[in-house]
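Heads up: the structure comes next, in structure tokens.
Only this structure's heavy atoms are used, side chains among them; waters, hydrogens and symmetry mates stay out.
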Amino acid sequence: ATMACCTHREKSYAMPAAPAPIVVVAPDSFKGSLDAPAICAAIARGLRRVWPAAEVRACPMADGGEGTLDAVLSRGGDRRVRNITGAGGKVRAAAYGIVAAPEGATAIIEAAEIVGITDPDGMATGVTARSTRGIGELIAALLDTGVRRFMIGLGGSSTNDGGAGM
């Protein structure tokens, strides 16, 4: 016996074509490994491998400690460096940022960059002898240049003087 050809069509369960996904990537830094902008780039590369048409919107984040300066400057602004006093009293180079705005320049200061727990000289000094003086030095120097707006991330400090050094 031969089988007759079936003209019945099965219903398709394929997903209808959809617009390319929009994916927001907003990580904090992986302490001691990668900063938030580098993590955003790595995640975006991975997403584009599986979704080539995806629109990836990178938005590096920070909690006010290590990585705050990088996260803010990833959206624009200038990174600058100034020699100031670290937590242990030694002069050290520390980065800060300047972001232009119609209201005037805003200084971006990260306490962790100046008196942070990643500074070996500061950590070699007893905690009661550490100071936030360098943050105050940077604020004063920026005030002397005409900056009047400040964003200061206070996380990641190795000090416990409550900002008295400023």
Quiz prompt | Close side-chain approach of R57 to I22, heavy-atom, < 4.5 Å | solution = yes
Quiz prompt | Minimum-distance pair of heavy atoms, taken over all atoms of A112 and G65 | solution = CB-C, 4.1 Å
Quiz item: Ignoring hydrogens and geometry, is there a side-chain-to-backbone donor-acceptor pair from T159 to S131 under 3.5 Å?
Solution: no
Quiz item: What is the minimum heavy-atom distance between A58 and C40, and which atoms define it?
Solution: CB-CB, 3.8 Å
Quiz prompt | Smallest separation among heavy atoms of P37 and D70, with atom names | solution = CG-O, 4.0 Å
Quiz item: When you measure from the side chain of R130 to the backbone N and O of T125, does any donor-acceptor pair fall under 3.5 Å?
Solution: yes
Quiz prompt | Atom pair CE/CD1 of M166 and I152 - distance to nearest 0.5 Å | solution = 5.0 Å
Quiz item: Are L73 and M61 connected, step by step, through hydrophobic side chains (Ile, Leu, Val, Met, Phe, Trp, Tyr) whose heavy atoms are closer than 4.5 Å?
Solution: no
Quiz item: Please walk me through it: do T68 and M151 pass side-chain contact (heavy atoms from CB on, under 4.5 Å)?
Solution: CA-CA 10 Å; T68 298; M151 184 190 97; 3.9 Å; yes
Quiz item: Side chain of R149, backbone of E103: donor and acceptor closer than 3.5 Å?
Solution: no
Quiz item: Say you draw a straight line from NZ of K90 to OG1 of T85; how long is it, rounded to the nearest 0.5 Å?
Solution: 12.5 Å
Practice problem: Report the C-alpha separation of R92 and D121 in whole Å, then their side-chain angles, then the decisive distance to 0.1 Å, and conclude whether the side-chain contact (heavy atoms from CB on, under 4.5 Å) test is met. | Solution: CA-CA 10 Å; R92 60 185 305 269; D121 291 327; over 6 Å; no
Self-check item: More than 12 heavy atoms of other groups within 6.0 Å of R133 CZ
Solution: no
Practice problem: Determine whether I84 and Y96 fall in the same hydrophobic cluster, where Ile, Leu, Val, Met, Phe, Trp and Tyr are linked whenever their side-chain heavy atoms lie under 4.5 Å apart. | Solution: yes
Self-check item: Spatial distance of atom CG (D28) from atom CG (L34) [nearest 0.5 Å]
Solution: 12.0 Å
Exercise. Starting from the C-alpha separation in whole Å, work towards a yes-or-no answer on side-chain contact (heavy atoms from CB on, under 4.5 Å) for L138 and F150.
Key: CA-CA 11 Å; L138 182 55; F150 295 84; over 6 Å; no
Quiz item: About how many Å separate OG1 of T118 and CD of E113, when rounded to the nearest 0.5 Å?
Solution: 7.5 Å
Quiz item: Considering residues, nucleotides and ligands other than R79, do more than 12 of their heavy atoms fall under 6.0 Å from its CZ?
Solution: yes
Practice problem: Report yes or no: do L69 and L154 belong to one cluster of Ile/Leu/Val/Met/Phe/Trp/Tyr joined by side chain heavy-atom distances under 4.5 Å? | Solution: no
Side-chain donor-acceptor distances from residues 41-52 under 3.5 Å, at least two apart:
none

Quiz item: Roughly how far apart are I114 CD1 and E137 CD, rounded to 0.5 Å?
Solution: 9.0 Å
Quiz item: So which heavy atom on P27 is nearest to which on A36, and how close?
Solution: O-CB, 3.5 Å
Quiz prompt | Flag if over 12 foreign heavy atoms under 6.0 Å of CZ, R82 | solution = no
Quiz prompt | Over all atoms of both residues, closest heavy-atom pair of A105 and V147 | solution = O-CG1, 3.9 Å
Practice problem: To the nearest 0.5 angstrom, please state how far the CD1 atom of I98 sits from the CD1 atom of I108. | Solution: 7.5 Å
